[in-house]
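First up is the structure itself, then whatever we jot down about it.
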There are 2 protein chains.
Amino acid sequence: MKQEQIDEIRDFNRFYAKVIGLLDKTFLNSEYSLTEVRVLLEIYKQSGILANDIMNSLQIDKGYLSRILKKFEKKQMITKKQSDTDRRAIYLELTEFGKKEFLEVDTATNLQIDTIFSHFSEAEQQTLIENMNKIKNILQKK
Amino acid sequence: MKQEQIDEIRDFNRFYAKVIGLLDKTFLNSEYSLTEVRVLLEIYKQSGILANDIMNSLQIDKGYLSRILKKFEKKQMITKKQSDTDRRAIYLELTEFGKKEFLEVDTATNLQIDTIFSHFSEAEQQTLIENMNKIKNILQKK
DNA sequence: TTAAATAGTTGATTTAGGCAACTATTTTTA
DNA sequence: TAAAAATAGTTGCCTAAATCAACTATTTAA
């Protein structure tokens, strides 16, 4: 690979890291940190998920995760149910309140995306999305 | 904007955040944090830069930056030289050791990019870069 | 049946980063 | 030109995010 190509990739990475950082500021205004929202999303996507699964998919420390879940439980956003087959494992579910809280952040994020991208023409939006999908498809292959 | 489009963008953002996170692990193995490397890069790109300029371009707190620079000075990676025309301002330069340290991380990053992207064919690499540039060009407009 | 592995918790600590007050200058303004 | 405002950088204080290691309880493998 040519140095020039590497530079272009690194340049895009720096650029897009800024974009993502900007978007993440939404969470900073909310009551939940970025990681907390990601955890909520995991439980929302897959009700009954185990802490261990979240740990693996989000790659976060189990002690840290345990504390986040404890906070959620205290706020009555999740319920924990011990597995019958493996009493070490605990099924996690969002309560109605937990769902509500998650969806609020989720909606705010949608709005934010919409706001930012509405600055571009529909054709440009379409191009952006196509290029994003292309990149994702290639990178996902390996 | 349609919900489906918003979802695609968010999906890409999540996906690419992981890619960036993966790449950033290089820094985590090095002795320097991501922000510290960014600061080094700024001084490397523009020798004699002021702390204030770095603050503006990287958007980091001046107290935090001051501490980072102090660390670099202590490790003899940079030199500080008071400006003659404005004695509040301090010119920053990398020492030979500072350059060496920076280039080590920089080289490791290049190698890492090269390693990851060499899993793809040249055509795919070209497509990736083209799509990255396209996205960057559109987003930069506004 | 004992050893190793696994799920989760807890305590102690480190690090990143923000905020505000401060010093020392320089610039503006009245 | 003297006082006020702005600017560059430092320092102290603080909080939230995250890591690490030790621990309990349980399950699986040797």
Side-chain angles (χ1 to χ4, degrees), chain A residues 17-18 20-22 24-43 46 48-75 78-93 105, chain B residues 17-18 20-22 24-40 42-43 46 48-75 78-93:
Chain A
K18 260 190 213 168
I20 291 173
L22 190 74
D24 287 349
K25 292 229 170 88
T26 299
F27 300 119
L28 300 181
N29 297 335
S30 98
E31 196 174 346
Y32 306 102
S33 75
L34 189 54
T35 306
E36 284 170 345
V37 174
R38 285 201 193 110
V39 171
L40 286 177
L41 174 64
E42 290 301 305
I43 309 175
Q46 187 188 330
I49 195 172
L50 302 178
N52 204 40
D53 300 328
I54 298 177
M55 201 190 96
N56 289 325
S57 61
L58 299 186
Q59 296 274 71
I60 56 180
D61 178 75
K62 58 183 177 169
Y64 182 33
L65 178 58
S66 174
R67 268 172 256 266
I68 289 175
L69 293 173
K70 198 201 257 179
K71 173 184 166 183
F72 287 163
E73 196 183 16
K74 195 173 169 190
K75 295 188 70 176
I78 61 167
T79 55
K80 293 181 174 178
K81 210 178 81 199
Q82 200 175 39
S83 161
D84 289 332
T85 52
D86 182 346
R87 281 178 306 166
R88 291 168 308 179
I90 296 171
Y91 298 128
L92 303 168
E93 285 180 28
V105 179
Chain B
K18 260 189 211 167
I20 292 173
L22 190 73
D24 286 349
K25 291 231 170 85
T26 298
F27 302 119
L28 300 181
N29 296 337
S30 95
E31 196 175 342
Y32 308 101
S33 75
L34 190 53
T35 305
E36 285 169 344
V37 175
R38 285 199 193 112
V39 171
L40 287 177
E42 290 301 305
I43 309 176
Q46 188 189 330
I49 196 172
L50 302 178
N52 204 41
D53 300 328
I54 298 177
M55 200 190 98
N56 289 325
S57 62
L58 299 186
Q59 295 276 67
I60 57 180
D61 178 75
K62 58 181 176 170
Y64 182 34
L65 178 57
S66 175
R67 269 173 255 266
I68 289 175
L69 293 174
K70 198 200 258 179
K71 172 183 166 184
F72 287 163
E73 197 183 14
K74 195 173 170 190
K75 296 188 70 179
I78 60 168
T79 54
K80 292 181 175 177
K81 207 178 81 199
Q82 200 175 39
S83 161
D84 289 330
T85 52
D86 181 347
R87 280 177 307 167
R88 292 168 306 178
I90 296 171
Y91 298 128
L92 303 168
E93 285 180 28

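In what follows, chains are A, B, ... by sequence order, proteins preceding strands, each numbered from 1.
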ask   = Checking salt bridge (Lys or Arg N to Asp or Glu O under 4.0 Å) against B:Glu36, which of B:Lys71, B:Lys75, B:Arg67 comes through?
value =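 By the salt bridge (Lys or Arg N to Asp or Glu O under 4.0 Å) criterion, B:Glu36 pairs with just one of B:Lys71, B:Lys75, B:Arg67: B:Lys71.
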
key: Selection from C:dG8, D:dA17, D:dG9 that lies nearest to any side-chain heavy atom of A:Ile90   =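 When the side chain of A:Ile90 is considered, C:dG8 is the closest of C:dG8, D:dA17, D:dG9.
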
query = Which residue pairs satisfy the side-chain hydrogen bond (donor to acceptor under 3.5 Å, both in side chains) criterion with at least one member in residues 48-65 of chain A, sequence neighbours excluded?
reply =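 For residues 48-65 of chain A, and leaving out neighbouring residues, the side-chain hydrogen bond (donor to acceptor under 3.5 Å, both in side chains) pairs sorted by first residue read A:Glu42-A:Ser57.
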
task = Verify whether one side chain among A:Thr35 and A:Ser33 offers a donor that lies under 3.5 Å from an acceptor in the other.
result =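 No, no side-chain donor-acceptor pair sits under 3.5 Å.
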
Side-chain N or O of [X] less than 4.0 angstrom from OP1 or OP2 on [N]?
X: A:Lys70; N: C:dG8; value: no
X: B:Thr35; N: C:dG17; value: yes
X: B:Ser33; N: C:dA16; value: yes
X: A:Lys62; N: D:dT19; value: no
X: B:Lys80; N: D:dT10; value: yes

ask   = Nearest heavy-atom pair of A:Leu50 and A:Leu92: which atoms, and what distance?
value =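 The pair with the smallest heavy-atom distance is C-CD1, 4.2 Å.
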
task = State, to 0.1 Å, how close A:Leu69 and A:Ile78 come at their nearest heavy-atom pair, and which atoms those are.
result =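 Looking at all heavy atoms of both residues, the closest pair is O-CD1, 3.5 Å.
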
Could you give the [atom1]-to-[atom2] distance, from [X] to [N], as a whole number of Å?
X: B:Met55; N: C:dC19; atom1: CE; atom2: P; answer: 12 Å
X: B:Tyr91; N: D:dA8; atom1: OH; atom2: C1'; answer: 12 Å
X: A:Arg38; N: D:dA17; atom1: CZ; atom2: C1'; answer: 12 Å
X: B:Ile54; N: D:dG9; atom1: CD1; atom2: P; answer: 9 Å
X: B:Tyr32; N: C:dA16; atom1: OH; atom2: C1'; answer: 18 Å
X: B:Leu50; N: D:dT10; atom1: CG; atom2: C1'; answer: 16 Å
X: B:Ile49; N: D:dA8; atom1: CD1; atom2: P; answer: 13 Å
X: B:Lys81; N: D:dG9; atom1: NZ; atom2: P; answer: 14 Å

message = If you apply the rule side chain to side chain contact (heavy atoms under 4.5 Å, CB included), what do you find for B:Ile60 with B:Val39, and how did you get there?
response = CA-CA 10 Å; B:Ile60 57 180; B:Val39 171; 4.1 Å; yes

Using a 4.0 Å heavy-atom cut-off, does [X] contact any base of the nucleic acid, only the sugar-phosphate backbone, or nothing at all?
X: A:Ile60; answer: nothing
X: A:Asn52; answer: sugar-phosphate
X: B:Leu69; answer: nothing

inquiry  = Let me spell it out: for each of B:Asp53 and A:Asp61, pick the nucleotide of DNA chain D with the closest heavy atom. Which residue's pick is nearer the 5' end?
reply    =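 Nearest-nucleotide comparison on DNA chain D picks B:Asp53.
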
message = Among residues at least two apart in sequence or on other chains, which ones pass side-chain contact (heavy atoms from CB on, under 4.5 Å) with A:Val37?
response =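 With neighbours one apart ignored, the set is A:Phe27, A:Tyr32, A:Val105.
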
ask   = Any N or O donor-acceptor pair linking the side chain of B:Arg67 to the base of C:dG17 at under 3.5 Å?
value =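 Between C:dG17 and B:Arg67, which were checked side chain against base, a qualifying N/O pair under 3.5 Å is absent.
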
For nucleotides 24-28 of chain C, which of its nitrogen or oxygen atoms have a protein nitrogen or oxygen under 3.5 Å away, and what is each distance?
unit_1, atom_1, unit_2, atom_2, d
C:dT25, O2, B:Arg88, NH1, 3.4
C:dT26, OP1, B:Arg87, N, 2.8
C:dT26, OP2, B:Arg87, NH2, 3.4

inquiry  = The test is salt bridge (charged side-chain N to carboxylate O under 4.0 Å, His left out); show your working for B:Glu93 and B:Lys80 and say whether it passes.
reply    = CA-CA 7 Å; B:Glu93 285 180 28; B:Lys80 292 181 175 177; over 6 Å; no

